[in-house]
Amino acid sequence: MNSLQDLHKTASSFQKTAKMPVLFVGHGSPMNALADNPFTQTLHQLGHDIRNRQPPRAVLVVSAHWLTRGTFVAVNERPETIHDFGGFPQELFDMQYPAPGAPDVAQEVLQALPDAYPTEEWGLDHGTWTVLHHIFPEADIPVFQLSIDYYKPLTYHAELSRQLQFLRRRGVLILGSGNIVHNLRQSMPKLMQGDATPYAWAQEFDEWAKAKINQRDLHALAHYQQAGASGPLSVPTPDHYIPMLYSLALAEPADDIRHAYEEVSFGGMSMRTFVVG
């Protein structure tokens, strides 16, 4: 590819496909990349099911770990594996996810989002590769990321996501990666003790969110404080919560929503994972 015009020509030539599903994955600890447990086994099964149904042309990830002022689309041809964490075993830092980028599809996204900017200054953060390592372990499907403008209201993200609906019929799997309940400060004591039991408030909010997801009630989810005291406790900052809004906003009326994995662990960490379509 020698120019943006070439990229746009290629992207525009994509044939329409059967509608792709959308995923939201509660990614939890980076250590899940090394784990074989019910959560990672669920991710393996999701990848198997998606490949059997229709192998994606590319994967677009909205990760809790790429927060920006403004909206950016990664256009790298060979995105690096970013180890954006500390204090974990060397084995985790040694892991690589060498999937190619998708600059052609990224250009299509830039055409759809005229206020977004291209960048090569981001690779695949751990909200992306620790999940895809289990879903598509061969790392053979092109992957690129869309940043989260952290300075916009929650309703903005749902509206922006709807502008990406066309990608589902261009063979693109869209994946939101975060955690509906994500309170590390409250979870650390339990993590240190190896106590996986959830706090009552975390369980309460996770169930409230599940009900609103099933009702496709994006307005309520964007105003999660109405859940009561459990809302601010479960979402002390919205970074891990926002990717769920991107995934749910892409649900069409005929789409089923299936909760593939449900767990609140270590006090205040929801691993809830759902499939749209």
Side-chain angles (χ1 to χ4, degrees), residues 22-28 60-74 109 112-117 122 125 127-128 131 145-168 174-187 201-253 255 257 259 262 264 268-277:
V22 179
L23 301 183
F24 172 75
V25 176
H27 64 245
L60 169 59
V61 181
V62 179
S63 165
H65 296 282
W66 192 17
L67 307 176
T68 54
R69 184 182 292 276
T71 300
F72 292 83
V73 181
V109 172
L113 304 178
D115 293 330
Y117 303 93
W122 198 254
D125 62 55
T128 296
V131 169
Q145 291 193 214
L146 173 72
S147 78
I148 292 172
D149 186 340
Y150 203 47
Y151 298 87
K152 296 292 189 183
L154 296 192
T155 51
Y156 167 89
H157 300 288
E159 292 164 2
L160 184 149
S161 181
R162 290 191 183 102
Q163 298 176 60
L164 303 175
Q165 187 67 256
F166 73 98
L167 291 173
R168 296 183 64 190
I174 301 174
L175 188 159
S177 179
N179 295 96
I180 290 173
V181 180
H182 187 264
N183 190 325
L184 280 181
R185 179 172 292 185
Q186 294 283 343
S187 296
W201 52 262
Q203 195 84 58
E204 175 186 319
F205 186 79
D206 187 61
E207 289 297 325
W208 177 87
K210 177 184 179 180
K212 298 305 178 185
I213 289 165
N214 290 342
Q215 296 162 11
R216 305 156 196 254
D217 192 344
L218 281 160
H219 178 81
L221 288 163
H223 298 83
Y224 58 85
Q225 298 86 350
Q226 67 182 234
S230 67
L233 276 170
S234 299
V235 190
T237 58
D239 46 337
H240 278 69
Y241 187 78
I242 290 170
M244 176 270 294
L245 300 176
Y246 276 86
S247 295
L248 185 60
L250 290 163
E252 296 181 355
D255 285 327
I257 297 176
H259 296 266
E262 302 179 83
V264 180
M269 186 79 66
S270 169
M271 302 299 292
R272 180 171 299 283
T273 294
F274 62 83
V275 183
V276 174

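Numbers here simply count residues along the sequence, with the first being 1. A quick note: this is a predicted structure, and the numbers were derived from the prediction, not measured.
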Residues forming a side-chain hydrogen bond (donor to acceptor under 3.5 Å, both in side chains) with Arg168, sequence neighbours excluded: Gln165, Asp255
Any donor-acceptor N or O pair under 3.5 Å, side chains His182, Asp239: no
Distance (rounded to the nearest 0.5 Å) between Leu221 CG and Ile242 CD1: 12.5 Å
Least distance between heavy atoms, Trp201 atom then Ser234 atom: CE3-OG, 3.5 Å
Heavy-atom side-chain proximity of Lys152 to Glu159 below 4.5 angstrom: no
Any Phe205 side-chain heavy atom under 4.5 Å of Val264 side chain: no
Nearest heavy-atom neighbours spanning Ser247 and Val276: O-CG2, 4.1 Å
Side chains of Phe274 and Lys210 in contact at under 4.5 Å (non-hydrogen atoms): no
Inter-residue atom distance His219.NE2 - Leu154.CG, 0.5 Å rounding: 11.5 Å
Any residue meeting salt bridge (charged side-chain N to carboxylate O under 4.0 Å, His left out) with Lys212, in chain and number order, not counting sequence neighbours: none
Residues that His157 engages under ring-ring contact (aromatic ring centres under 6.0 Å, His included), provided they are two or more places apart: Tyr246
Matching residue for Leu60 among Leu175, Leu164, Val22 - test: side-chain contact (heavy atoms from CB on, under 4.5 Å): Leu164
Salt bridge (charged side-chain N to carboxylate O under 4.0 Å, His left out) partners for Glu252, two or more places apart: Lys19, Arg169
Met271 side chain near Glu262 side chain, heavy-atom distance below 4.5 Å: no
Beyond-backbone contact of Val235 with His240, side-chain heavy atoms, under 4.5 angstrom: no
Nearest non-hydrogen partners of Tyr151 and Arg69, listed with the distance: CE2-NH2, 3.1 Å
Minimum heavy-atom distance between Pro236 and Leu233, given as atom pair plus value: CD-O, 3.5 Å
Donor-acceptor contact below 3.5 Å, side chain Ser187 vs main chain Gly268: yes
Tyr150, OH: over 12 other non-hydrogen atoms inside 6.0 angstrom: yes
Approximate separation, where rounding is to 0.5 Å, of Asp149 CG and Leu160 CG: 9.0 Å
Val131 side chain near Leu23 side chain, heavy-atom distance below 4.5 Å: no
With sequence neighbours excluded, residues passing ring-ring contact (aromatic ring centres under 6.0 Å, His included) with Tyr156: none
Results of salt bridge (charged side-chain N to carboxylate O under 4.0 Å, His left out) for Asp206 - residues two or more places apart only: Arg272
Distance in Å, Ser270 OG paired with Asn183 CG, rounded so as to fall on 0.5 Å steps: 12.5 Å
Test log, rule side chain to side chain contact (heavy atoms under 4.5 Å, CB included), inputs Phe72 and Trp122: CA-CA 9 Å; Phe72 292 83; Trp122 198 254; over 6 Å; no
